[in-house]
Amino acid sequence: QNFQPACLQAQASWGAMADPDAVAKAFVAHYYNVFDTTRQGLAALFQPTSMMTFEGEKFQGPEAIVGKL
């Protein structure tokens with residue numbers, strides 16, 4: 001199942017005219033909706049090189065990050 005937020009799916013058609021605030025708000029709304037409903041779906045938002053640090057511990061990649069969330 002593809003959990004890519006609508007704001008990112010539509011981004012290609014917006015071109016340079018996109019309102020950064022609207023994109024940010026749509027992304028945050030999508031992130032927390034997925035976080036609250038199907039947390040594993042957040043893995044689609046991270047790349048293998050993505051890194052999260054929490055309380056001094058580092059987590060790299062979608063699986064490790066979502067596993068900590």
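- Note: Leu45 CG to Ile65 CD1 = 10.0 Å, rounded to the nearest 0.5 Å.
- Met51 and Phe54 end up in different hydrophobic clusters when Ile, Leu, Val, Met, Phe, Trp and Tyr side chains are linked at under 4.5 Å.
- A donor-acceptor pair is defined here as one N or O able to donate and one able to accept, closer than 3.5 Å; such a pair exists between the side chain of Arg39 and the backbone of Leu69.
- The CD atom of Glu57 sits 8.5 Å away from the CE atom of Met52 when rounded to the nearest 0.5 Å.
- Ring orientation note: the planes of Tyr31 and Phe27 are tilted relative to one another, at an angle of 30° to 60°.
- Atoms NZ and NZ, on Lys58 and Lys68 in that order, are 15.5 Å from each other to the nearest 0.5 Å.
- Contact between Ala43 and Pro62 at its shortest, heavy atoms only, is O-CB, 3.5 Å.
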